[in-house]
Amino acid sequence: MASFQQTDEGVSTTFDAVVVGAGFSGLYMLHRLREAGFTVQVYEAGEGVGGVWYWNRYPGARCDSESIYYNYMFSEELYREWTWSSRFPEQPEILSYLNFVADRFDLRRDIRFQTRVVSACFDEENSRWQIGTDDGATVSATYLITAVGCLSTANVPTFKGLERFQGRWYHTGNWPHEKVDFRGKRVGVVGTGSSGIQSIPVIAEEASHLTVFQRTPQYSAPAQNHLLEEEDIREAKERFHETKQKMRESPTGFPRERSDRSALEVTEEERRRVYEAAWEKGGLILSSTFKDLTISAEANETVCEFIRGKIKETVRDVKVAEMLLPSYYFATKRPVLDTHYFETYNRDNVSLVDVRKEPIVEITPKGIRTAETEFELDILVFATGYEAMTGSLLKLNISGRGGVTLREKWEDGARPKTYLGLATAGFPNLFMITGPESPSVLSNMPVSIEQHVEWIGDCIEYLREHGLDRIEAKEEAEEAWSRHCWEVADSTLFTKAQSWYTGANIHDKPVGFPIYLGGVGHYRNICTEIAEKGYEGFALQ
Ligand code: N01
């Protein structure tokens with residue numbers, strides 16, 4: 001039965017479910033549970049819906065997944081009603097889409113904006129979560145569902161002296177709503193991941209001078225973005241069912257075919273032809289051109305060499321080109337797409353600093369001091385990434401059975417152990433959308449989000465139908481899943497890199513690989529089978 005109580009002031013404090021976050025995950029979770037007759041309260045720290053697409057407003061921010069695949073597929077009507085303008089949508093358009101969805105399904109009435117969840121304690125006697133928010137309120141819910149995103153806790157490096165900097169500084173993941181004016185300004189960008197590489201060419205157009213502080217050179221390929229033709233849009237809408245099925249069954253959540261050839265079984269000319277074609281087509285397809293690029297170091301080196309060749313062809317200054325050449329295994333850090341990134345280093349107003357050779361020593365009132373020199377800057381942009389996968393979950397201060405916190409549980413071991421990335425032992429009635437050890441960031445996110453939301457929705461309905469109100473992952477099931485997740489990852493090159501995938505980007509963070517690499521379709525089948533077996537591996541009461 002749906003539980004719902006009113007306080008004296010008429011404000012409800014008891015819900016079937018509390019959902020944290022109103023981005024892609026939280027919006028659909030709210031809709032799914034409400035349709036099934038449950039009472040839901042969503043808390044969102046921002047003033048509006050959108051999650052990462054609400055906060056990431058930095059210049060050049062756009063999605064690296066193609067728009068026609070980067071949307072909800074749970075409703076054909078919704079899919080038909082919305083029309084994307086370009087192949088890779090810009091942040092404002094994605095935010096408009098999520099606002100459209102919120103209006104379309106009347107979601108805002110159950111979202112409390114500008115309210116941050118600051119604690120969640122499991123009350124064992126009543127099998128309920130007590131959830132505290134930063135406005136001092138406490139509410140109670142049978143289920144706590146985190147929809148906090150995998151990349152939402154900004155990593156601002158603890159450079160000495162930042163507080164003395166006399167200019168302004170920003171992190172790309174927490175960008176102001178008003179435009180930042182770079183005209184006539186000396187700007188420093190620290191970081192060359194996706195956010196840095198998207199923003200650098202745009203900032204360079206405006207700034208009087210841009211200095212890029214690079215720690216690791218990146219393999220980046222051109223997005224080859226373009227406006228969508230009417231014909232593309234019509235075709236996409238007509239293929240809704242076929243595309244949806246392909247995406248759900250695929251390894252990565254995209255409807256594209258994967259190669260069954262090794263990069264080493266073809267001639268050098270053939271390999272070059274394949275890589276050139278992928279380069280021209282643009283997008284994230286380079287990594288799926290051959291089946292063994294993320295498994296075999298030798299195969300991987302062929303694509304690395306191809307991209308290094310492109311960088312050398314593009315960047316005119318030989319010394320700068322040399323500094324931009326990456327050496328890690330391609331795709332073991334998140335592949336990056338760009339629009340004129342390497343070309344930007346041909347501009348007179350752009351310079352590059354290699355902070356591995358010349359480390360940043362401190363931020364001074366006037367700029368950045370490296371081991372060799374001081375760079376005078378008016379604006380600093382930290383494109384330094386996130387405490388990925390676990391950062392936003394840990395910030396919620398969740399404590400489960402026996403008062404053990406999620407932080408204690410996960411920092412104790414070498415990795416954040418979960419069962420399917422959906423639940424974790426010791427934390428009954430807690431569900432995590434795209435949690436650690438699910439396909440999440442190595443898949444097309446909306447596809448993985450929908451799968452989790454639907455699985456959680458079905459599970460909560462099942463519990464209601466069977467008169468149960470408590471579910472918890474068993475330790476042995478979690479142990480087996482976590483081991484499996486690691487073994488799959490460790491059979492690839494992914495665990496051999498220093499990346500935010502492994503946690504190596506955050507000082508002191510335990511290094512692991514909290515992403516399931518077995519494939520989106522395969523993972524879906526595992527989750528479905530577990531549910532069909534009466535939620536095997538979970539204890540139900
Ligand atoms: O962050 P990152 P991001 N001193 O962690 C450097 C998604 N995303 O915000 O590589 C100097 O990738 C760090 O260096 P290194 C996407 O999944 C998607 O760019 O650790 N440098 C690196 O160069 C993406 O992968 C989209 O050696 C320091 C950079 O900062 C993820 O979000 C757009 C440093 C951080 O790169 C994160 O991308 C944007 C220090 N102390 C983001 N600390 C789209 O789809 C860190 N760095 C559009």
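Just so you know, ligand 1 is whichever comes first in the structure, and atom 1 is the first atom listed for that ligand. From a predicted model like this one, the values you see are computed outputs, not experimental measurements.
Residue Q218 has no N or O atom closer than 3.5 Å to an N or O atom of ligand 1. Considering backbone and side-chain N/O atoms, T172 never comes within less than 3.5 Å of an N/O atom of ligand 1. Ligand 1 has no N or O atom lying under 3.5 Å from any N or O atom of Y386, backbone or side chain. For N505, no nitrogen or oxygen atom sits less than 3.5 Å from a nitrogen or oxygen atom of ligand 1, counting backbone and side chain alike. Of the N or O atoms in Q198, none lie within a sub-3.5 Å distance of an N or O in ligand 1. Polar contact with ligand 1: present for D64 (N/O pair, distance under 3.5 Å).
Residue V190 has at least one heavy-atom neighbour below 4.0 Å for each of these atoms of ligand 1: 11 (C), 21 (N). Using a 4.0 Å cut-off to heavy atoms of C63, the atoms of ligand 1 that qualify are 45 (O), 48 (C). Ligand-side atoms of ligand 1 in range of R62: 44 (C), 45 (O), 48 (C), range being under 4.0 angstrom from any heavy atom.
Counted by atom type alone, Y58 and Q198 present one or more donor-acceptor pairs between their side chains at under 3.5 Å. If you check the side chains of E343 and T314, you find no donor sitting under 3.5 Å from an acceptor.
Here the two rings, on H484 and W481, have centers that are under 6.0 Å apart.
When hydrogens are left out, the protein atom nearest atom 23 (O) of ligand 1 is T192 N, 2.9 Å; that is the closest non-hydrogen contact. Among protein heavy atoms, atom 15 (P) of ligand 1 sits closest to T216 OG1, 3.4 Å. In terms of protein heavy-atom proximity, atom 3 (P) of ligand 1 is nearest to S195 OG, 3.3 Å. Nearest protein neighbour of atom 5 (O) of ligand 1, counting heavy atoms only, is W500 CD1, 3.3 Å. The single protein non-hydrogen atom nearest to atom 8 (N) of ligand 1 is S194 CB, 4.0 Å, given as residue, atom name and distance. Atom 6 (C) of ligand 1 has its closest protein heavy atom at G191 CA, 3.7 Å. In this structure, atom 36 (O) of ligand 1 lies nearest to the protein heavy atom G193 CA, 3.5 Å.
Of the candidates R334, R215, K333, R215 brings a heavy atom nearest to atom 46 (C) of ligand 1. Atom 29 (C) of ligand 1 has its nearest heavy-atom neighbour, among G385, P335, G60, A383, in A383. Selection from C150, P157, A504 by nearest heavy atom to atom 41 (N) of ligand 1 gives P157.
The closest approach between any non-hydrogen atom of L151 and ligand 1 is below 4.0 Å. At a 4.0 Å cut-off, at least one heavy atom of R356 sits close enough to ligand 1 to count as contact. Not a single heavy atom of I360 sits less than 4.0 Å from an atom of ligand 1. Residue-ligand proximity: F159 is placed with a non-hydrogen atom under 4.0 Å from ligand 1.
Just one of V189, T211, V187, I363 meets the side-chain contact (heavy atoms from CB on, under 4.5 Å) condition when paired with L380; it is I363.
Between H177 and Y54, the ring planes are perpendicular. Angles over 60° get that label, and only those under 30° would be called parallel. Classification of the Y328-Y219 ring pair by plane angle, with boundaries at 30° and 60°, yields perpendicular. Under the 30°/60° scheme for interplanar angles, the aromatic rings of F382 and W169 are found to stand perpendicular.
F254 carries R256 over the face of its six-membered ring, with the cationic atom under 6.0 Å from the centre and within 45° of the normal.
At a 4.0 Å heavy-atom cut-off, ligand 1 touches Y58 through the side chain alone.
For the pair T370 (side chain) and I360 (backbone), a donor-acceptor distance under 3.5 Å is absent. Within the 3.5 Å criterion, the main-chain N or O of F74 finds a donor-acceptor partner in the side chain of E450. S85 places no side-chain N or O within donor-acceptor distance of the main-chain N or O of L228, the cut-off being under 3.5 Å. Judged by distance alone, the side chain of S208 and the main-chain N or O of K185 form a donor-acceptor pair under 3.5 Å. The backbone N or O of L422 lies less than 3.5 Å from no partner atom in the side chain of T418, so there is not a single donor-acceptor pair.
When all heavy atoms of Y501 and K333 are compared, the pair lying nearest together is CE1-C, 3.9 Å.
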